[in-house]
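Quick caveat: nothing in here was measured; it's all calculated off a predicted structure.
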Amino acid sequence: MLMPIYSQPAINIKGESTTSLAELFIDLIPKRLPFMQQQSSAGTLAENDIKVLLLENTSQELIEIFNQQGYQTEWYNYLLTDTKLISIIGDVHILNIGPKTHLSANILRHAKNLIGIGCFSVEVSNVDLEYATGMGVAVFHSPFLNSRSVVE
């Protein structure tokens, strides 16, 4: 299994299914839990406190995987405006985006709990990698999982 390396701006995940990305996030959360608990005002975080935001036509399989873990999973099958994204990103721990969502430093600075971003796109130019990695956020790139974006 690939592990996130925080000194790298993005990690390519070569896989044929959404489970590759989900497994990386599920593996990442326990490793980051002590840090996340320090940041939490409650002091402790249970699995059902972990918030996952999935954007842009996320597969039902990925939604089910995160729900089975007991995570709070929210998804939107369309592109959110920057204003809407900023309004909901503050408590999110895991964020999955498609090629149309752009994560600028302005948006990321509102993501106080974010530990990982998964990009279902051909490239990661839609994420401010310098700002994300400066926050300690792992950015996973899975160009092989979204063949639909290549066709588009």
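- Shown here for Cys119 and Val139, the closest heavy-atom pair between the two residues is SG-CG1, 4.1 Å.
- Distance CG/Asn77 to CD/Gln60: 8.5 Å, rounded to 0.5 Å.
- In this structure, Ile63 CD1 and Glu61 CD are separated by 10.5 Å, a value rounded to the nearest 0.5 Å.
- Under the 4.5 Å side-chain criterion, counting only non-hydrogen atoms from C-beta, Val92 is not in contact with Asn113.
- His110 places no side-chain N or O within 3.5 Å of a backbone atom of Ile86 that could act as its donor or acceptor partner.
- Contact annotation: the side chain of Asp82 approaches that of Ile107 to within less than 4.5 Å [non-hydrogen atoms, C-beta and beyond].
- Between atom CZ of residue Arg109 and atom CG of residue Leu114 there is a gap of 14.0 Å, rounded to the nearest 0.5 Å.
- Remark: side-chain polar atoms of Asn126 are paired, donor with acceptor, to backbone N or O of Thr101 under 3.5 angstrom.
- Counting only distance, with no hydrogens or angles, the side chain of Glu74 and the backbone of Val52 share no donor-acceptor pair below 3.5 Å.
- Between the side chains of Ser104 and Asp128, not a single donor N or O lies within less than 3.5 Å of an accepting N or O.
- Leu53 CG to His93 NE2: the interatomic distance, rounded to the nearest 0.5 Å, is 12.5 Å.
- Checking side-chain atoms of Thr133 against main-chain N and O of Gly136 turns up no donor-acceptor pair under 3.5 Å.
- Leu95 has its side chain within reach of Leu103: a pair of non-hydrogen atoms, C-beta onward, lies under 4.5 Å apart.
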Starting from the C-alpha separation in whole Å, work towards a yes-or-no answer on side chain to side chain contact (heavy atoms under 4.5 Å, CB included) for Ile94 and Ile115. CA-CA 6 Å; Ile94 299 294; Ile115 63 165; 3.7 Å; yes
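- Note on Leu79 and Leu62: separate hydrophobic clusters, where clusters join Ile, Leu, Val, Met, Phe, Trp and Tyr whose side-chain heavy atoms are under 4.5 Å apart, directly or indirectly.
- When each of Val124, Val127, Asn96 is tested with Ile117 by the rule side-chain contact (heavy atoms from CB on, under 4.5 Å), just one qualifies, namely Val127.
- Note: Lys51 NZ to Asp91 CG = 4.0 Å, rounded to the nearest 0.5 Å.
- Listed for the Glu56 side chain is a donor-acceptor partner under 3.5 Å among the backbone atoms of Lys100.
- With rounding to the nearest 0.5 Å, the separation of CD1 in Ile89 from CG in Leu80 is 9.5 Å.
- In this structure the side chain of Ile65 never reaches within 4.5 angstrom of the side chain of Tyr71, judged on heavy atoms.
- Between Leu54 and Tyr76 the shortest side-chain heavy-atom distance does not fall below 4.5 Å.
- For the pair Phe66 and Gln72, the minimum side-chain heavy-atom distance is 4.5 Å or more.
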